[in-house]
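Data block below; observations after.
Here is the naming used below: chain letters follow the sequence lines, and residue numbers restart at 1 for every chain.
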Amino acid sequence: MSIGYACLVIGVPETNMRSVIKKNATEDKLMEVIRHNLHSFEKMVDYNIEEGVGLYRISSDLIPFGSSPVNGLRWWELFREDFERIGQKINQSGMRVSFHPGQYTVLNSPSEDVVERAIEDLRYHNLMLECLGVGYEHKMVLHVGGIYGDKEAASQQFVENFKRLDEPIQRRLIIENDDRLYTVEEVLEMAHQTGSPVVYDNLHHAANPTDDPHDDVYWIRETRKTWKEGDGRQKVHYSQQADDKRVGAHTDTIYLDPFLEYFDKLEDKDIDIMLEVKDKNLSTIKCINATQPQRGIQALEKEWARYKYVVLEHSHTLYNEIRELLKDKSAYPVEEFYASIHRALEQEVEKGQAVNAAQHVWGYFKDIADDKEVRAFQRNLQKYQDGNLKHATFKRQMQRLAEKYEIPYLKQSLYFEL
DNA sequence: TGACGTCAAGATCCG
DNA sequence: CGGATCTTGACGTCA
């Protein structure tokens, strides 16, 4: 069983992705951005290995205009060594990677041009997986596409166009129920014709249910049957409904109570769960820790190192409570730990508390900062207290110092991210 | 024609 | 001039 996240990571240095707009897409610029993005990708893979994250979705934007004539670079040759090196890390660690071409890759479109570009886009994604040298259990997830006034005909069109894909791409492709058009039942019907495994997305199902009501357990059981030898473990997407947003919009973070309820009900734990959530790796580590008590209190202490200053800033009371909670080294109070962090983050940041936290952080610099930096900090602190400097700006100044003085403990702190 | 989703680039504003 | 903040891009479908 693995739990994973999509594309981006929070609070890990050197993992940002860059992009290029069409009018600036010169060869030089494309080379530079691809090199940068591959470096970031490798750092994310390293992070995943370090943290024991076994499932990861790679960003489709890794190669800008990867499937478009705008990018004429033979990137698969130019960066062959990078792909191979990263692929080896993936294979050696047992990590499973995937791609999820977006809502604009539409295989069943009535427009031949759109279909051709969708095929080209899938080739691009598949080529990256081949460059990495990963097996066919590393998949590409696709939505079915549009309806165009006749769902039955559009479904048949999907099946027809599927046949046009190269054989390796057919083997990689898996299809997912979406939140508006194709229900899991309809996707299963197509999957029976194409032989594709089906990814069950619980929130899409809630937003776009089948006529006959069935629960997640039922649909996970049904979609499991589409996963065959060589496809790897069954994969599902999991997310939670944000109360204050439209139906189908997911929460910013995964709430452990409903997640654990979902998890406990899973009939077969031999499954990979891709979380779709704004806080990405943060929820992933939380859910991994919550389902793997054998990780021990060290796992929570490691988490605490990242969260402590942002918690302190929100609530001194909860900061102290969590410190108490972690004192018993034989216990594993994972649910209380994350519940307290969540409660803290929900609280408004009060100025006095923010100043207190900032002074804790400043402690890392006070002996190494030069006079100019010391004066700047004191000036900013005063300005912030007087209401003349935004909280975020004040913190960004300190983040710069953390980067300049290469302080690992602060560079990985969520104090600068949440 | 806007909404949908996403995030960084580009553009512009400000001190 | 550098940094902060706002707008655009890139994609296809549907209402």
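- Toward the 5' end of DNA chain C, the nearer of the two residues A:G146 and A:K22, judged by each one's closest nucleotide, is A:K22.
- Side-chain proximity of A:T393 to the nucleotides C:dA10, C:dA4, B:dC4 is greatest for C:dA4.
- Aromatic pair A:F377/A:F365: ring centres not closer than 6.0 Å.
- Applying the side-chain hydrogen bond (donor to acceptor under 3.5 Å, both in side chains) criterion to A:R18, with sequence neighbours excluded, gives A:E32.
- A:H391 places its NE2 atom 14 Å from the P atom of C:dT5, with the value rounded to the nearest Å.
- Regarding contacts with the backbone of C:dT13, every side-chain N or O of A:Y104 stays at 4.0 angstrom or more from both OP1 and OP2.
- For the residue pair A:D121 and A:Y104, no side-chain donor N or O sits within less than 3.5 Å of a side-chain acceptor on the partner.
- Below 30°, between 30° and 60°, or above 60°: for A:F337 and A:W304 the angle between ring planes is above 60°, a perpendicular geometry.
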Query raised in the report: Along nucleotides 6-12 of chain B, 5' to 3', which nucleotides get a B, which get an S, and which get a -, given that the test is a protein heavy-atom distance under 4.0 Å?
Result: SSSSSS-
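- For the pair A:I63 CD1 and C:dC11 P, the computed distance is 17 Å after rounding to whole Å.
- OP1 or OP2 of C:dA15 has not a single side-chain nitrogen or oxygen of A:R180 nearer than 4.0 Å.
- Aromatic ring orientation, A:F394 versus A:Y384: parallel (interplanar angle below 30°, classes split at 30° and 60°).
- By the salt bridge (Lys or Arg N to Asp or Glu O under 4.0 Å) test, A:E373 is found to be paired with A:K404, residues two or more places apart in sequence or in another chain being considered.
- Side-chain nitrogen and oxygen atoms of A:S109 include at least one within less than 4.0 Å of the OP1 or OP2 phosphate oxygen of C:dT13.
- Put simply, A:Q103 has no side-chain N or O that comes within less than 4.0 Å of OP1 or OP2 on B:dA3.
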